[in-house]
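Bear in mind that the values here come from a model prediction, so they are computed numbers and not experimental data.
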Amino acid sequence: MRRHGGRPGPTPRPGGPQAGVSHLPPGQLAAQLIADGLLARSRRDDMAFRRCVAELAERPRVTGWWRITRSALMAALERGVSAAWRIGWQPADVVRAVGREFGGGHAHVVGDAIAAEMRNYAASTVDDRWQAQLTALDAQVWWPAGDGYLQARGDRDGLGRGQMIARTLEVIFFLGTLPRLPHVCPPPGEARGGARDATRPDMTRSREAEGRMLARIRALLAKAESTEFAEEAEALTARAQELMARHSIDRALVDVGSGQQAEPQGCRLPVDNPYEAPKALLVDVVAAANRCRAVWHRTFGFSTVYGFPADLAAVELLYLSLLVQATTAMVRAGARRDAYGRSRTRSFRSSFLSAYAQRIGERLRGAADEVTAQVAAEPAGRDLLPVLAARHQAVDRAVEAMFPELEQHKVAGGGNYEGWISGRAAADLASLRPRTPITAPGG
């Protein structure tokens with residue numbers, strides 16, 4: 001499994017906190033105190049950090065100081081968010097990374113900062129995929145107009161000024177340490193094609209048809225996940241797989257027939273604790289079966305998947321559905337203890353999910369080989385194999401260009417034999433049949 005490196009450490013700046021700031025005008029003074037607080041944070045100087053927080057919270061001799069502080073912190077937050085966009089981060093990525101590092105309270109702060117920063121862009125310059133993430137995050141400006149955000153968020157969360165300032169500074173600092181990532185869709189302000197295409201009747205009809213198809217697939221998988229009857233789940237998931245496979249193949253042939261020079265795209269899927277390594281392996285095997293490639297960013301809790309749009313949609317839908325099915329089966333298996341009464345649940349579940357992912361990969365590869373042969377034998381599919389092979393190669397080139405120094409890692413099974421056997425058994429019941437594969441691979 002391919003894994004990308006984590007976040008580099010911050011680079012301390014020269015100078016020290018509180019160096020000659022009292023003579024500055026109030027606005028500049030607040031900005032300098034914020035900079036000093038960030039420097040103290042980078043040096044892990046808790047005393048200096050607390051001193052900056054206290055200075056930002058109270059300065060009795062400056063009229064309107066709390067308003068000035070709120071405005072300066074909000075501006076710094078928005079600059080941090082905007083900088084993250086420029087180095088390849090997206091809304092869901094940022095919120096997830098902040099939440100993993102600090103918790104939900106800090107994630108709320110960065111989510112609100114994203115909502116505030118997005119007011120700077122015209123809707124026609126925001127990519128549809130970007131907008132979908134904002135909608136899923138419910139990123140909206142809920143606080144009063146003006147510079148009242150920090151006060152409103154503090155009141156909502158029951159935090160005093162100092163606590164709210166410290167939380168905000170921690171988020172700003174974290175944003176400044178994010179590493180560069182490959183862009184997987186245009187950042188806000190740069191998405192032009194989507195706005196123009198939306199006015200074309202043929203593009204509008206295509207998007208509407210694809211939306212209806214994905215809605216049908218989601219509905220089928222939701223029913224498969226919720227039913228208590230294995231046969232019903234298998235039938236529902238099989239039908240969803242048929243729709244995904246046909247849609248992917250049809251899309252590839254239509255693109256070639258129209259002379260379009262499609263390019264691989266990317267999306268990011270959550271890979272959360274606990275048992276993140278087996279979950280990342282599941283993303284990897286599902287991606288491989290759909291002519292996509294996955295790169296796991298362990299530090300930040302997601303995998304980047306590269307492929308063509310229809311294939312990416314299939315990977316996302318199937319991975320999330322299989323994860324639900326695997327988790328349900330794992331929990332149903334219950335806790336485990338050894339002969340001395342010590343808990344073996346964690347090793348059991350880690351082995352369970354690792355075996356589940358491995359077995360799913362075996363089944364997907366066998367199913368994909370069969371459907372490729374079937375479709376290629378049809379009159380309409382005589383050009384399918386070279387088309388799929390070309391797409392597979394295009395995805396490989398894109399990943400190699402974006403991640404020239406990938407690390408290869410094996411995912412350990414957890415060393416629990418019972419969990420391994422149970423996981424493989426659950427994978428055999430995971431609503432996959434060889435005659436209804438996910439999609440046809442290119443190799």
Side-chain angles (χ1 to χ4, degrees), residues 1-9 84 89-111 133 136-137 167 170-171 174-175 177-179 181 225 267-287 294-305 315-316 318-337 342-361 406-416 418-420 422-423 426-427 430:
M1 181 170 59
R2 292 164 289 275
R3 193 175 80 188
H4 189 254
R7 183 175 68 251
W89 287 75
Q90 297 182 23
D93 308 331
V94 171
V95 173
R96 184 180 302 114
V98 170
R100 282 170 63 92
E101 181 75 10
F102 298 106
H106 291 69
H108 288 151
V109 170
V110 78
Q133 291 187 34
L137 293 169
R167 177 176 290 184
E170 287 170 345
V171 170
F174 183 81
L175 291 173
T177 67
L178 293 177
L181 294 175
E225 294 159 13
C267 71
R268 296 191 179 116
L269 298 179
V271 180
D272 296 318
N273 277 319
Y275 316 115
E276 58 183 359
K279 292 175 183 176
L281 179 60
L282 182 60
V283 175
D284 193 69
V285 299
V286 174
V295 178
W296 181 27
H297 307 261
R298 182 170 190 167
T299 302
F300 301 108
F302 58 76
S303 284
T304 302
V305 183
V315 172
E316 181 176 10
L318 185 64
Y319 163 67
L320 296 175
S321 179
L322 289 173
L323 184 59
V324 169
Q325 294 184 49
T327 303
T328 300
M330 179 183 70
V331 172
R332 188 183 298 124
R336 290 293 189 277
R337 294 189 177 276
R342 296 172 299 192
S343 175
R344 298 281 292 166
T345 300
R346 185 171 184 84
S347 65
F348 172 84
R349 290 182 172 178
S350 179
S351 295
F352 184 104
L353 290 175
S354 295
Y356 180 93
Q358 185 186 81
R359 179 55 181 154
I360 285 293
L406 282 180
E407 301 175 8
Q408 294 286 128
H409 289 266
K410 291 184 178 180
V411 176
N416 189 300
E418 182 187 9
W420 185 268
S422 299

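Of all heavy-atom pairs spanning Lys279 and Pro274, the tightest one is NZ-O, 3.0 Å. Shortest non-hydrogen contact noted between Ala84 and Val94 is CB-CG2, 4.2 Å.
In this view, Ala287 and Cys292, Ala294, Val305, Val315 satisfy the side-chain contact (heavy atoms from CB on, under 4.5 Å) rule, not counting sequence neighbours. Taking the side-chain hydrogen bond (donor to acceptor under 3.5 Å, both in side chains) definition, one finds that Arg96 meets it with nothing, sequence neighbours left out. Applying the side-chain contact (heavy atoms from CB on, under 4.5 Å) rule to Leu320 yields the partners Glu316; only residues at least two apart in sequence or on another chain are considered. Checked against side-chain hydrogen bond (donor to acceptor under 3.5 Å, both in side chains), His108 has no partners two or more places apart in sequence or in another chain. Gln133 is linked by a side-chain hydrogen bond (donor to acceptor under 3.5 Å, both in side chains) to Gln90, counting only residues two or more places apart in sequence or in another chain. With sequence neighbours excluded, the residues that form a side-chain contact (heavy atoms from CB on, under 4.5 Å) with Glu276 are Arg100, Val271, Asn273, Trp296, Arg298. Partners of Tyr319 according to the ring-ring contact (aromatic ring centres under 6.0 Å, His included) rule, which considers only residues two or more places apart in sequence or in another chain, do not exist here. Under the salt bridge (charged side-chain N to carboxylate O under 4.0 Å, His left out) criterion, Glu170 pairs with no residue at all, not counting sequence neighbours. By the salt bridge (charged side-chain N to carboxylate O under 4.0 Å, His left out) test, Arg346 is found to be paired with no residue, residues two or more places apart in sequence or in another chain being considered.
For Thr177 (side chain) and Phe174 (main-chain N/O), a donor-acceptor pair under 3.5 Å exists by modelled atom type. Between the Tyr356 side chain and the Leu322 main chain, a donor and an acceptor come within less than 3.5 Å of each other.
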Checking side-chain contact (heavy atoms from CB on, under 4.5 Å) for the pair Phe300/Asp93: CA distance, chi angles, key distance, verdict? CA-CA 8 Å; Phe300 301 108; Asp93 308 331; over 6 Å; no
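Residues Phe352 and Pro278 have side chains not in contact (no heavy-atom distance under 4.5 Å, counting atoms from C-beta outward). Side-chain contact check for Leu175 versus Trp89: every heavy-atom pair is 4.5 Å or farther apart.
For the atom pair CG (Leu353) and CG (Leu323), the distance works out to 8.0 Å, reported to the nearest 0.5 Å. A distance of 11.0 Å separates CZ in Arg268 from OG in Ser303, rounded to the nearest 0.5 Å. The line from CG of Leu181 to OG1 of Thr304 is 6.5 Å long, rounded to the nearest 0.5 Å.
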